[in-house]
J.: 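This structure is in structure tokens; I'll ask about it shortly.
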Amino acid sequence: MPYWRLSGFYFFYFATIGALIPYWGLYLKSIGFSPLQIGEIMSLLLLSRIVAPNIWSWVADHRGQRLAIVRLAALLAVVAFSGVFLGTSFVWLALVIVVFAFFWDACLPQLEATTLDHLEGRAGAYARIRLWGSVGFIVAVVGLGKAFDSVQIWWLLPSLSMLLLGVWLFTLTVPESQIRPIGTASGERFYQMFLRPEVAAFLTACFLMQASHGPYYTFYSIYLTEFSYSKSVIGALWALGVVCEIGIFLIMYRVQRHIGLRQVLMVSFGVAALRWILIGNFPDYPLVLIFAQTLHAVTFGAYHAVAIELIHRFFTGRHQCRGQAIYGSVSFGLGGAMGSFYSGLTWGSLGPTVTFELAALCAAVAFIISAAAIKPNS
């Protein structure tokens, strides 16, 4: 098993996320963008996940060349992102983000499927590799948070370029998985798997879960600066959440041996609703914010580990790449874009508290759907 090569990819991939998600909104605000424009740019970044992963994964499943596609897409993502140095208008940055995201979103679904193939038969091993992505996120968010207390936020752009280059370099080291199934165990077609009631319910709940994260990913850093938190403190709060995420990844294989995947999924939705209510109503209470960040262990760590495992079970054989792509498209793509868009609309008009309460409502509905429609033995 190529443990360190896979872990290195996850480290740089999520270090890029650790630079992009917390600080991209601050960069856009620094060049004069309004909350609505920031929400629209962030939604464009996520909308690509609706289409791009499915196109790339369809090619990967039919050609059997996952890693070749990942390497090409990672390189083109580096090239596309360099466009941010050439202009700062809304239209230009929107175009750059759309092109960049199209290539960037090709990478993770293929690597997720490849990783799970390499780990076939090793219960819980995925979490032990994925935790290095969390480590990369922490290094980026804390390091840049301290740096941005002293230097201009513009330095985010070259930092992201270097991290993207690291992603591409590690794709060159990861070997293709040895397990390349050419059929499916059940003989089902892809659309038949997709339309099973429990799969449809699961994907709907995932859509709502990511929509609930929209205000957090789009405006959390901006939100805290309005309450006079320094960028170092903001970075530390982001990092705290991911430290707790690492903890849950380390013990997730034990959790899965004693608690069903459905139960973990439902708990994550309920905890997410609580987390958004706390953040939206108590921003001037640091201890409440710290507690809310510890809940990231459940709302992302446990949720994501279980979701990836369920997708791997729902979509078998040669449909695994497209299964991972559908999960990314519906949840992080459509759900994330919807979350960024509605938070951009409501942030200035209704205020942060109402926006986070809408997020809590999304998570609560996801809980109801999972309780009612996902079978206990799924």
Side-chain angles (χ1 to χ4, degrees), residues 7-33 35 38 41-42 45 78 81-82 84-85 88 93 104 130-167 169-170 213 215-250 275 278-279 282-297 299-301 352:
S7 299
F9 170 84
Y10 281 100
F11 178 92
F12 276 96
Y13 185 93
F14 286 96
T16 304
I17 300 296
L20 187 64
I21 298 300
Y23 301 117
W24 183 244
L26 288 174
Y27 169 72
L28 295 178
K29 184 181 179 182
S30 75
I31 58 176
F33 282 27
I38 293 172
I41 288 286
M42 292 298 288
L45 181 64
V78 176
F81 186 79
S82 64
V84 299
F85 295 100
T88 58
L93 285 181
W104 174 248
R130 174 58 181 80
L131 71 84
W132 285 102
S134 303
V135 172
F137 186 101
I138 291 170
V139 170
V141 76
V142 172
L144 290 175
K146 291 183 178 179
F148 293 148
D149 280 336
S150 304
V151 303
Q152 293 182 350
I153 194 71
W154 177 89
W155 285 98
L156 174 66
L157 306 184
S159 299
L160 279 167
S161 295
M162 295 303 295
L163 291 170
L164 287 167
L165 185 62
V167 172
L169 291 175
F170 262 95
H213 280 70
Y216 176 70
Y217 287 139
T218 307
F219 289 107
Y220 186 65
S221 295
I222 294 173
Y223 181 49
L224 295 186
T225 59
E226 294 172 354
F227 286 87
S228 302
Y229 291 93
S230 70
K231 293 182 179 65
S232 294
V233 170
I234 293 170
L237 284 170
W238 279 94
L240 173 62
V242 182
V243 168
C244 296
E245 171 190 311
I246 291 175
I248 203 69
F249 279 142
L250 288 172
R275 185 184 181 194
L278 292 176
I279 292 174
F282 304 100
D284 47 355
Y285 290 85
L287 290 179
V288 174
L289 291 181
I290 289 171
F291 173 70
Q293 288 304 91
T294 65
L295 299 181
H296 190 75
T299 63
F300 180 81

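For clarity, every value in this text was computed on a predicted model and none was experimentally measured.
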J.: Residues two or more places apart in sequence or in another chain: which of them pass side-chain contact (heavy atoms from CB on, under 4.5 Å) with Ile290?
T.: Leu237, Leu240, Leu287

J.: Show your working on side-chain contact (heavy atoms from CB on, under 4.5 Å) between Ile153 and Lys29 and close with a plain yes or no.
T.: CA-CA 10 Å; Ile153 194 71; Lys29 184 181 179 182; over 6 Å; no

J.: According to side-chain hydrogen bond (donor to acceptor under 3.5 Å, both in side chains), who are the partners of Tyr23, at least two apart in sequence or on a separate chain?
T.: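 With sequence neighbours excluded, Tyr23 shows a side-chain hydrogen bond (donor to acceptor under 3.5 Å, both in side chains) to no residue whatsoever.
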
J.: Only counting residues at least two apart or in another chain, list the ones meeting ring pair (Phe, Tyr, Trp, His ring centres under 6.0 Å) with Trp24.
T.: Tyr27

J.: Please enumerate all residues that pass ring pair (Phe, Tyr, Trp, His ring centres under 6.0 Å) together with Tyr220, with sequence neighbours excluded.
T.: Tyr216, Trp238

J.: Atom CH2 in Trp104, atom CD1 in Ile17: separation rounded to 0.5 Å?
T.: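 So the CH2 of Trp104 and the CD1 of Ile17 are separated by 5.0 Å.
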
J.: Out of curiosity, Thr218 OG1 to Leu28 CG, how far, rounded to the nearest 0.5 Å?
T.: 10.5 Å

J.: Evaluate the side-chain contact (heavy atoms from CB on, under 4.5 Å) criterion for residues Leu289 and Gln293: first the C-alpha distance (whole Å), next the side-chain angles of each, then the deciding distance (0.1 Å), finally the verdict.
T.: CA-CA 6 Å; Leu289 291 181; Gln293 288 304 91; 5.6 Å; no

J.: Would you give the length of the straight line joining atom CZ of Phe219 to atom CD1 of Ile38, rounded to the nearest 0.5 angstrom?
T.: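 Here the interatomic distance stands at 5.5 Å.
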
J.: Would you be so kind as to tabulate the donor-acceptor pairs closer than 3.5 Å made by side chains of residues 131-151, with sequence neighbours excluded?
T.:
unit_1: Trp132; atom_1: NE1; unit_2: Tyr3; atom_2: OH; d: 2.9
unit_1: Ser134; atom_1: OG; unit_2: Arg130; atom_2: NH1; d: 3.3
unit_1: Ser134; atom_1: OG; unit_2: Glu245; atom_2: OE2; d: 2.3
unit_1: Asp149; atom_1: OD1; unit_2: Lys231; atom_2: N; d: 3.2
unit_1: Asp149; atom_1: OD2; unit_2: Ser232; atom_2: N; d: 3.0
unit_1: Asp149; atom_1: OD2; unit_2: Ser232; atom_2: OG; d: 2.2

J.: Side-chain donor-acceptor contacts of residues 158-166 below 3.5 Å, not counting sequence neighbours, with atom names and distances?
T.:
unit_1: Ser159; atom_1: OG; unit_2: Trp155; atom_2: O; d: 2.8
unit_1: Ser161; atom_1: OG; unit_2: Leu157; atom_2: O; d: 3.2

J.: Quick one: which of Phe14, Phe9, Tyr13, Phe12 gives a ring pair (Phe, Tyr, Trp, His ring centres under 6.0 Å) with Phe170?
T.: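 Result for ring pair (Phe, Tyr, Trp, His ring centres under 6.0 Å) with Phe170: Phe12.
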
J.: His296: what forms a ring pair (Phe, Tyr, Trp, His ring centres under 6.0 Å) with it, not counting sequence neighbours?
T.: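 Testing His296 for ring pair (Phe, Tyr, Trp, His ring centres under 6.0 Å), a comparison that skips the adjacent residues, returns Phe300.
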
J.: Would you indicate whether Phe33, at its atom CZ, is surrounded by more than 12 heavy atoms from other residues, nucleotides or ligands within a distance under 6.0 Å?
T.: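 It does: Phe33 CZ has more than 12 such atoms within range.
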
J.: Among residues at least two apart in sequence or on other chains, which ones pass side-chain contact (heavy atoms from CB on, under 4.5 Å) with Phe227?
T.: Tyr223, Tyr229, Pro283, Asp284

J.: Around atom CD of Gln152, are there more than 12 heavy atoms of other residues, nucleotides or ligands at under 6.0 Å?
T.: no

J.: Atom OG1 of Thr16 and atom CZ of Phe81: how far apart are they, to the nearest 0.5 Å?
T.: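 One finds 9.0 Å between OG1 of Thr16 and CZ of Phe81.
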
J.: Rounded to the nearest 0.5 Å, how far does CG of Leu295 lie from CD1 of Ile279?
T.: 8.5 Å

J.: Any pair with a residue in residues 135-144 that passes side-chain hydrogen bond (donor to acceptor under 3.5 Å, both in side chains), sequence neighbours left out, goes on the list, sorted by first then second residue, please.
T.: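 Qualifying pairs: none.
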
J.: Set out, in order, the CA-CA distance, both residues' side-chain angles and the distance that settles side-chain contact (heavy atoms from CB on, under 4.5 Å) for Leu26 and Leu156, then state yes or no.
T.: CA-CA 10 Å; Leu26 288 174; Leu156 174 66; over 6 Å; no

